[in-house]
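Below is one structure, written out as structure tokens, with a few remarks after it.
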Amino acid sequence: MGLYDMGLYAVIALLLLALALYRWVGSRGPNPFAVDTRRPPAPLITDKAVRRTVLKAVFSPEKVPEQLDAIVIGSGIGGLAAAVLLAKVGRRVLVLEQHGRLGGCCHAFSEKGFEFDTGIHYVGQLHDGSLWRFLVDQLTDGQLEWAPMPPTFDAVVLGEPGRDKAIQLCTGPRAYFDRLKEQFPGEEAAIDEFKRLVKSVTTGLWVLGVLKMLPLPLVRLLSCSGLLSLLSPFCRMASRSVKDVVDGLTTNPKLRAVFSYIFPTYGVLPSKASFSLHSILVQHYLRGAWYPKGGSGEIVFRTIPIIQKAGGNVLGRAPVQSILLDSKGRACGVSVKKGQDVVNIYAPIIISDAGVFNTYERLLPPEARALPEIQSQLRMAAHGEGGFSVFVGLRGSSQELGLEATNYYIYPDNNLDQMMRRYSNSSRDEAAANIPLLFVTSPSAKDPTWEMRYPGKSTLSIITMAKYEWFEEWKDKTVHKRGDAYENVKKTFVDAIMQTVFKLYPHIEDKVEYVSGGTPLTNQHYIASPRGEFYGMDHDMSRIQIEAIATARPQTAVPNLYLTGQDVAMCGFAGALQGAFLCTSAILKRNIYLDALQLRKHVQGSNGKKKN
């Protein structure tokens, strides 16, 4: 293609882009951010019976509201947030969850007198005045409070805990990098360039939302014209791996590892991960990290009443068997298994928070699954890596045991990529001896309400990656009844993990009252991840390319069927919420991001007038 042709493509693309953006600025449906719904937070409700009524509501046909406006499959934060946003415009929404505890990766569970979170460990960008904090507060009417984590929110151990000094990651867009310079003297130029690249990439982040709102033919034209790469550093860096960029910044192996340390938050090793995605995660925590007061279950507890207030409901033990289509191929309802019976429930809008693979491969009937658009999406998608979790209950308070609110990332060596590859290529029998990373966190130390709720007790949660294939032979066995061989393999992993944890926190070794491991099969059972993955679809570089980003959108080839959650946007709590905002924008046919910005501007203006 000649320069003239490229220039012509760019001009045409710019005109079409302006037209498409104008279309999305318009307001056609009701506005979920018409008013500021925040109220002063009510006291934490600790009554277990009250909480059980909300968090463990069990499906039965008589609990289904009449004249539903929408049904949501899955009660993860992507599903709950979409339901809340629709409830705010008066829509009656039913959320159906296959598990007995509501919340997906936000749910908490109790064992032996200890409470454990399953997926929310820390969230960034919740500083006062941020749009993200404003959005999250609107979703819970201001009832969910967030506790700031310590200034050193993350620490990285390269080697052995207790022997090798931890490298600190600190709160503040300036302090984060200044502290790195203190710990890596002589590497100031590399750290400054890393900072510049992260800032450059994340200032072009607007393109993620735009690509999902523009018509796909226009996206392809923009891609061919080179305009997106010209306008957005995010697009320019999307095809460069974390390892490639980091290796070009410094020859210091420890600093390379620290630049890359946060890759477990999206689950892709540095040589396969896009630097653009990596930059989003680095940027996300530059202003610090927060943890929900009362634990992750409080997120669920504070959103469900908003759905119910609008006439909807959220019900568990409601495994959806299939999405129902009418004679014209439009989604019109779902079938739910109740004992030996199947109950059909109908609504004009169906939203799936079950992920692309579950939705397309398991829930859709064959004729819809065969649609070219759906097959194309499935060919572009891959399963993410499986995860292994360890939950530890301890006798003694966090203060007594020396547990910190800081999260620890522990790597036995500096070469993160090499260790991950060796581990991934291990046989099941070898794997436990080659574990390349541990994320160690103490929910009890992070939560200021913990001591009031569970005096004299503490908890740890530990996470690593694990291949589904290592446990696949037991996938058809009933949970808790998979046999001694499965339990022995699981114990091998737990024992190896705990030996490292005891080096980090030596005072806890004789204080352990409860320890349990969760394999990819555990994730498959409790959060319905097809291959035990934490983050839905794989987040490798192919997912961060322009067409892949644009294709992963809420609208589907099946009329009236929408997607929400991680597979629509990005991984984690923030990514799943973005999926919900995009999904609701598509359903209401309006850009609710602009609505939120306008409401925040109005609130800030009103507050300014009050002060004057």
Side-chain angles (χ1 to χ4, degrees), residues 41-57 75-77 80-81 97 99-124 126 133 136-137 139-150 153 288-305 314 316 389-394 396-399 401 403-407 439-463 513-516 518 526-527 534 572-574 576-577:
L44 189 71
I45 297 173
T46 57
D47 187 299
K48 291 183 180 179
V50 173
R51 296 184 69 85
R52 192 179 301 114
T53 300
V54 175
L55 298 174
K56 289 189 175 183
S75 69
I77 192 59
L80 288 176
E97 167 60 47
H99 184 34
R101 293 182 175 90
L102 302 173
C105 284
C106 288
H107 89 264
F109 69 96
S110 297
E111 289 288 348
K112 307 295 184 183
F114 296 94
E115 179 185 278
F116 298 99
D117 295 339
T118 54
I120 304 300
H121 303 296
Y122 61 150
V123 180
L126 292 176
R133 179 60 175 265
V136 172
D137 285 349
L139 287 175
T140 62
D141 290 348
Q143 297 307 292
L144 178 65
E145 296 185 89
W146 295 87
M149 288 178 60
F153 58 90
W290 286 258
Y291 182 80
K293 289 185 180 180
S296 66
E298 194 68 7
I299 300 170
V300 188
F301 187 73
R302 295 299 182 180
T303 51
I304 289 175
V314 184
S389 305
V390 179
F391 304 99
V392 183
L394 301 164
S397 69
S398 297
Q399 187 174 8
L401 300 177
L403 303 182
E404 301 174 53
T406 298
N407 301 317
F439 172 80
V440 183
T441 188
S442 174
S444 59
K446 290 184 289 191
D447 181 6
T449 75
W450 176 272
E451 189 61 26
M452 177 265 291
R453 296 186 297 127
Y454 297 97
K457 295 183 177 183
S458 300
T459 58
L460 288 172
S461 294
I462 305 103
I463 291 171
E513 291 195 347
Y514 173 83
V515 62
S516 177
Y526 288 107
I527 59 173
F534 283 141
F573 179 80
L577 275 184

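Heads up: numbering here begins at 1 and tracks the sequence.
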- Message: Using only atom types and a distance under 3.5 Å, with no angle test, would you say the side chain of W450 pairs donor to acceptor with the backbone of G295?
- Response: no

- Approximate separation, where rounding is to 0.5 Å, of R133 CZ and W290 CH2: 7.5 Å

- Item | Validation row: E451, S397 side chains within 4.5 angstrom (heavy atoms) | yes

- Partner residues of D141 under the salt bridge (Lys or Arg N to Asp or Glu O under 4.0 Å) criterion, sequence neighbours left out: R39, K88

- Message: If I take atom CG from residue N407 and atom CZ from residue F439, how far apart are they, to the nearest 0.5 angstrom?
- Response: 3.5 Å

- Query: For residues K446 and T441, is any side-chain donor paired with an opposing acceptor at under 3.5 Å?
  - Reply: yes

- Task: Answer yes or no: is there a donor N or O on one side and an acceptor on the other, between the side chain of S458 and the main chain of G396, under 3.5 Å?
- Result: yes

- Message: Could you check whether any side-chain N or O of D137 sits under 3.5 Å from a backbone N or O of G142, counting only pairs where one atom can act as donor and the other as acceptor?
- Response: no

- Query: Any side-chain hydrogen bond (donor to acceptor under 3.5 Å, both in side chains) pairs touching residues 101-120, not counting sequence neighbours?
  - Reply: E115-R453, E115-Y454, D117-Y291, D117-S296

- Between E97 (side chain) and G103 (backbone), is there a donor-acceptor pair under 3.5 Å? no

- Note on the structure: Those residues at least two apart in sequence (or on a different chain) that pass ring-ring contact (aromatic ring centres under 6.0 Å, His included) with Y514 are F116

- Query: Do the side chains of L403 and L394 get nearer than 4.5 Å, heavy atoms only?
  - Reply: yes

- Is any side-chain N of the basic residue among R51 and E298 closer than 4.0 Å to the acidic one's carboxylate O? yes

- Query: Considering only heavy atoms from C-beta outward, does the side chain of S389 approach that of F534 to under 4.5 Å?
  - Reply: yes

- Can you measure from OG1 (T459) to CG (D447) and round to the nearest 0.5 angstrom? 9.0 Å

- When the aromatic ring centroids of F114 and F391 are compared, is their separation below 6.0 Å? no

- Atom of I77, atom of C106 and distance for their closest heavy-atom approach: CB-SG, 4.0 Å

- Side chain proximity check, T140 to I299, heavy atoms < 4.5 angstrom: no

- Query: So, for Y122 and A289, which heavy atoms are closest and what is the spacing to 0.1 Å?
  - Reply: CD1-CB, 3.5 Å

- Message: Which heavy atom of K457 sits nearest to which heavy atom of G113, and what is that distance?
- Response: NZ-O, 3.2 Å

- Heavy atoms, side chains only, cut-off 4.5 Å: are P292 and L144 in contact? yes

- For L139 and T303 the tightest heavy-atom approach is O-CG2, 4.0 Å

- Nearest-0.5 Å distance, CZ of residue R302 to CD of residue Q143: 5.5 Å

- For Y526 and H99, work out which heavy atoms get closest and say how close. CD2-CE1, 3.1 Å

- Message: Can you give me the closest heavy-atom contact between L577 and V136, atom names plus distance?
- Response: CD1-CG2, 4.0 Å

